[in-house]
Amino acid sequence: MAHTFRRCSLALIFITMWLLIKAKIDECKRGDVTVKPSRVILLGSTVNISCSLKPRQGCSPYSRRNKLILYKFDRRINFHHGHSLNAQVTGLPLGTTLFVCKLACINSDEIQICGAEILVGEQPQNLSCIQKGEQGTVACTWERGQDTHLYTEYTLQLSGPKNLTWQKQCKDHYCDYLDFGINLTPESPESNFTAKVTAVNSLGSSSSFPSTFTFLDIVRPLPPWDIRIKFQKASSVSRCTLYWRDEGLVLLNRLRYRPSNSRHWNMVNVTEARGRHDLLDLKPFTEYEFQISSKLHLYKGSWSDWSETLRAQTPEEEPTGMLDVWYMKRHIDYSRQQISLFWKNLSVSEARGKILHYQVTLQELTGGKVMTQNITGHTSWTTVISRTGNWAVAVSAANSKGNSLPTRINIMNLCEAGLLAPHQVSANSESMDSILVTWQPPRKDLSAVQEYVVEWRQLHPGDDTQIPLNWLRSPPYNVSALISENIKPYTCYEIRVYALSEDQGGCSSILGNSEHKAPLSGPHINAITEEKGSILISWNSIPVQEQMGCLLHYRIYWKERDSNSQPQLCEIPYRVSQNSHPINSLQPRVTYVLWMTALTAAGESSQGNEREFCLQGKANWMAFVAPSICVAIIMVGIFSTHYFQQKLSVFLAALRPQWCSREIPDPANSTCTKKYPTAEEKTQLPLDRLLIDWSMPEDPEPLVISEVLHQVTPIVRRPHCSNWPQRGKGIQGHQASEKDMMHSASSPPPPRALPAESRQLVDLYKVLESRGSYPKPENPASPWTVLPAGNLPTHDGYLPSNIDDLPSHEVPLTDSLEELEPQHISLSVFPSSSLHPLTFSYGDKLTLDQLKMRCDSLML
């Protein structure tokens, strides 16, 4: 079907060309163009082209005014004045060439007369023959050359020894292959054979150059088959053997092999291999591809096609090389620290098998004792150790055949040595996925630097323990490094450069990105608080995916609400952990609108959310302080008055509980009471004896007390919570003269003004004692007995020290009670006991041995 269609197409093309050439069309009504010998020629042939005008088609009857021009495509190749033009053309290329004849008249454009297309063909070329395998047949191929669009027949002829000839024809226009169907045998491997192909069409015939060959020249062996590989030792690939099958006459083989992930082949030529060959340089645990080709002779013939690919993986071996280990330290508290170890995977050539796990050994160097051994399948490990002592870590990789050599590192403070810190660290973008880091060596201890380590990780505010850590090592003479592992555009990275010596290190850090642009959004203000006349603004960090690079600054804008003025701003250098900032330039009682933006090297972000705030602190503080100062001044003035102090003393005395008063010692137990007789025994001591005895440092004689309520008003001092002095020391330092004693017992003191405080205290004593009294039927006019003021006990002894201050006039009891009744304040939460009146009368005199007093009662 396809063959018939091609023939019809060829015939249609031929008829169309013939019609165009022979038909009298409008383009050729003024003349004709002829081509001799033919419009279809062989390559290298010469043609004659003629152009002639028809009668009365020229510019004028005079021929010299007619100018004929011949064009080859658009290039002028010849011209002539007259009614005709002849031109000879050689060296035409393969394919079709267009010639056009035109007439040029004076004062007019060129007029096309006619044209012709000349087709150049060629003879068959590059004839070659081959026999595939010892049992194959002879087949020949050739090149047809430029298509002539003419019907062509091809004849293939083979001549051999003993005048043997084989011939075969092909009538297909596109024929370029013929198989004789015969088999050449190796009986006469040196016998010559000659092949030739001839093409025949309407232009004539053309034959190729003859091709001469022998059996060894044209026989191509079949590709080897049944390929397999065998490893001599299951635990080693130091030697393996490749096996295959081949044809019997094969003398030479070539092998090629490569790792499956490689594009480059390793070639090996083998002579007389007999179907096997040993390979010695294969890598462990690597998948390889193997192919083999064969040839019958060292110099003659051609190689067979490559065999089918054999894929095989070599066995594992013990890992080689050492892990690249890095670590980070973080203090937990004063006694503990966290150590995080990281290491990179071994390369395929170093692992030499599938890594099953990693072994981590932690050792305290001082004691030399292994503290921890751990096995993990990850490339990181974290533990907590003490901050004291020297620690070392060893990490090794293990596969099914063994362990790699351990990598040992000493745990130290990587940034402790300031003199080793690199300076002038910079990070510049090199491409979308790489950053160039440069630095200057330490200013001091340059010779101590053994290596540099460049570490980088994605900047992530908050917990960054899950962020992958990357690093690379650089020799001490390098001061730059190109980092490209896990580098993404529009992402900020924290980059550290460490300078390490044998037992210490120094570091410097910087932020960098490979590509940046303005952030997509601004910070979100989440709170505004007032602190001592200023405000504290808190915000949420911009999400990492919206930062679009490394942030350089934050800007805080504010302006008055409903104001058209330009906002004020405060620019803050970016720090990772910062999320608040104070502003102290706002006016009180003014409502402001605040918002924030963020900046990278590429520009400023859009503004974040707006917040309104009105500062109230200063105005409220002044409004509170001014009244407080006024109140304080008034209170100080009030407390400074003598009258108020007296009232306060009364109030505090009323609040004091009765049991907090000092304990009054019992005079009946005193030494003088036991030594001298009582008044009932009518014993009177002479005055001079009394004076002598009173001056001696012995216990005093019992005093004689008369009931002189109408003459003397007692003075009561405020009670004290402290204890009374020890027994026997109650009256030490208080000696009284005879005059003083006599005056106290018989007559009132000299007239002197009683101080107001003492008088109030005496009145208070009366009031307090009267509230607890019960009148006796025997003496209704005198419900209780009042002791002379000069003989009342005080906190210092039995006798008061202010005898001279007693009043010179009597103070009526009723007046005192009436005066002090409004002042009595009973606010104490503790129960109080009043002094009970004396239940028995002893006449005009009462001795101390018959009187017993306690803090809560008075009894006989």
Side-chain angles (χ1 to χ4, degrees), residues 128-139 141 177 179 183-187 189 213-320 347-354 399-401:
S128 64
C129 298
I130 190 174
Q131 177 177 313
K132 293 185 177 181
E134 298 177 5
Q135 305 299 323
T137 57
V138 178
T141 58
Y177 171 82
D179 188 346
N183 172 257
L184 299 183
T185 61
E187 296 176 356
F213 49 83
T214 64
F215 171 82
L216 296 177
D217 293 331
I218 69 168
V219 174
R220 175 180 295 177
L222 296 176
W225 66 94
D226 194 16
I227 304 175
R228 60 193 184 278
I229 189 171
K230 182 179 180 181
F231 299 98
Q232 301 299 328
K233 297 180 180 179
S235 61
S236 174
V237 294
S238 59
R239 181 178 180 181
C240 66
T241 304
L242 192 65
Y243 296 92
W244 69 91
R245 295 180 63 184
D246 223 337
E247 291 187 311
L249 297 178
V250 170
L251 182 63
L252 182 65
N253 292 101
R254 60 180 179 180
L255 287 72
R256 67 179 185 180
Y257 59 95
R258 67 180 180 185
S260 299
N261 57 357
S262 175
R263 294 184 178 182
H264 303 286
W265 292 94
N266 299 313
M267 301 291 296
V268 177
N269 290 326
V270 182
T271 303
E272 296 182 355
R274 303 302 179 186
R276 59 169 295 171
H277 180 70
D278 294 333
L279 298 174
L280 305 177
D281 58 347
L282 299 185
K283 298 178 181 179
F285 199 67
T286 304
E287 185 180 47
Y288 279 91
E289 296 178 351
F290 302 90
Q291 287 184 331
I292 306 174
S293 179
S294 304
K295 191 178 179 183
L296 299 182
H297 197 271
L298 294 176
Y299 311 108
K300 295 182 180 182
S302 60
W303 287 98
S304 70
D305 294 334
W306 289 103
S307 65
E308 294 182 357
T309 302
L310 170 66
R311 290 181 173 84
Q313 186 177 47
T314 56
E316 293 185 359
E317 285 191 6
E318 186 177 355
T320 61
S347 63
V348 176
S349 59
E350 293 175 334
R352 307 212 300 180
K354 181 180 179 180
N399 62 10
S400 61
K401 300 299 181 181

Pair Leu252-Trp303, side chain to side chain contact (heavy atoms under 4.5 Å, CB included): steps then yes or no: CA-CA 9 Å; Leu252 182 65; Trp303 287 98; 3.3 Å; yes
Distance in Å, Lys295 NZ paired with Thr271 OG1, rounded so as to fall on 0.5 Å steps: 10.5 Å
Full working for side chain to side chain contact (heavy atoms under 4.5 Å, CB included) between Ile229 and Thr241: CA-CA 6 Å; Ile229 189 171; Thr241 304; over 6 Å; no
Point-to-point distance, once rounded to the nearest 0.5 Å, from CG of Leu216 to OH of Tyr299: 13.5 Å
Check: Asp226 and Tyr243 side chains under 4.5 Å, non-hydrogen atoms: no
Gap between atom CZ of Phe215 and atom CG of Leu184 - 0.5 Å precision: 7.0 Å
Cation-aromatic face contact Arg256/Trp306, 6.0 Å, 45 degrees: yes
Under 3.5 Å: donor-acceptor pair, side chain of Tyr288, backbone of Lys283: yes
Full working for side chain to side chain contact (heavy atoms under 4.5 Å, CB included) between Thr309 and Ile227: CA-CA 9 Å; Thr309 302; Ile227 304 175; over 6 Å; no
Distance, nearest 0.5 Å, that separates CD of Gln135 from OG1 of Thr185: 9.5 Å
Any side-chain donor near an acceptor of the partner, Ser304 and Arg220, under 3.5 Å: no
Value rounded to 0.5 Å, distance of CZ in Arg245 from CZ in Arg228: 8.5 Å
pair Val219-Leu249: side-chain heavy atoms closer than 4.5 Å: no
Taking every non-hydrogen atom, the tightest pair across Glu134 and Gln131: O-NE2, 3.4 Å
Minimum heavy-atom distance Leu296-Leu251, with the two atoms named: O-CB, 3.5 Å
Partner of Ser260 under side chain to side chain donor-acceptor pair (under 3.5 Å), chosen from Glu287, Arg311, Gln313: Glu287
Verdict with supporting geometry, Leu222 and Asp305, side chain to side chain contact (heavy atoms under 4.5 Å, CB included): CA-CA 7 Å; Leu222 296 176; Asp305 294 334; over 6 Å; no
Check: Ile130 and Val138 side chains under 4.5 Å, non-hydrogen atoms: no
Donor-acceptor pair between Asp281 and Tyr257 side chains, under 3.5 angstrom: yes
Check: Asp246/Asn253 side-chain N/O donor and acceptor closer than 3.5 Å: yes
Atom NZ of Lys300 with >12 non-hydrogen neighbours under 6.0 angstrom: yes
Among His264, Gln291, Glu289, the one residue meeting side-chain contact (heavy atoms from CB on, under 4.5 Å) with Arg258: Glu289
Check: Asn399 side chain, Ala351 main-chain N or O, donor-acceptor pair, under 3.5 Å: yes
Rounded distance (nearest 0.5 Å) linking atom CD of Glu247 with atom OG of Ser294: 8.0 Å
Minimum-distance pair of heavy atoms, taken over all atoms of Glu316 and Phe285: CG-CD1, 3.3 Å
Minimum-distance pair of heavy atoms, taken over all atoms of His277 and Val268: NE2-CG1, 3.6 Å
Least distance between heavy atoms, Leu279 atom then Phe290 atom: CD1-CE2, 3.6 Å
Distance-minimising heavy-atom pair for Cys240 and Leu282: SG-CD1, 3.2 Å
Side chain proximity check, Arg254 to Ser293, heavy atoms < 4.5 angstrom: yes
Side chain to side chain donor-acceptor pair (under 3.5 Å) evaluation trace for Asn183 with Thr137: CA-CA 4 Å; Asn183 172 257; Thr137 57; over 6 Å; no
Trp244 six-ring face occupied by Arg276 cation (under 6.0 Å, within 45°): no
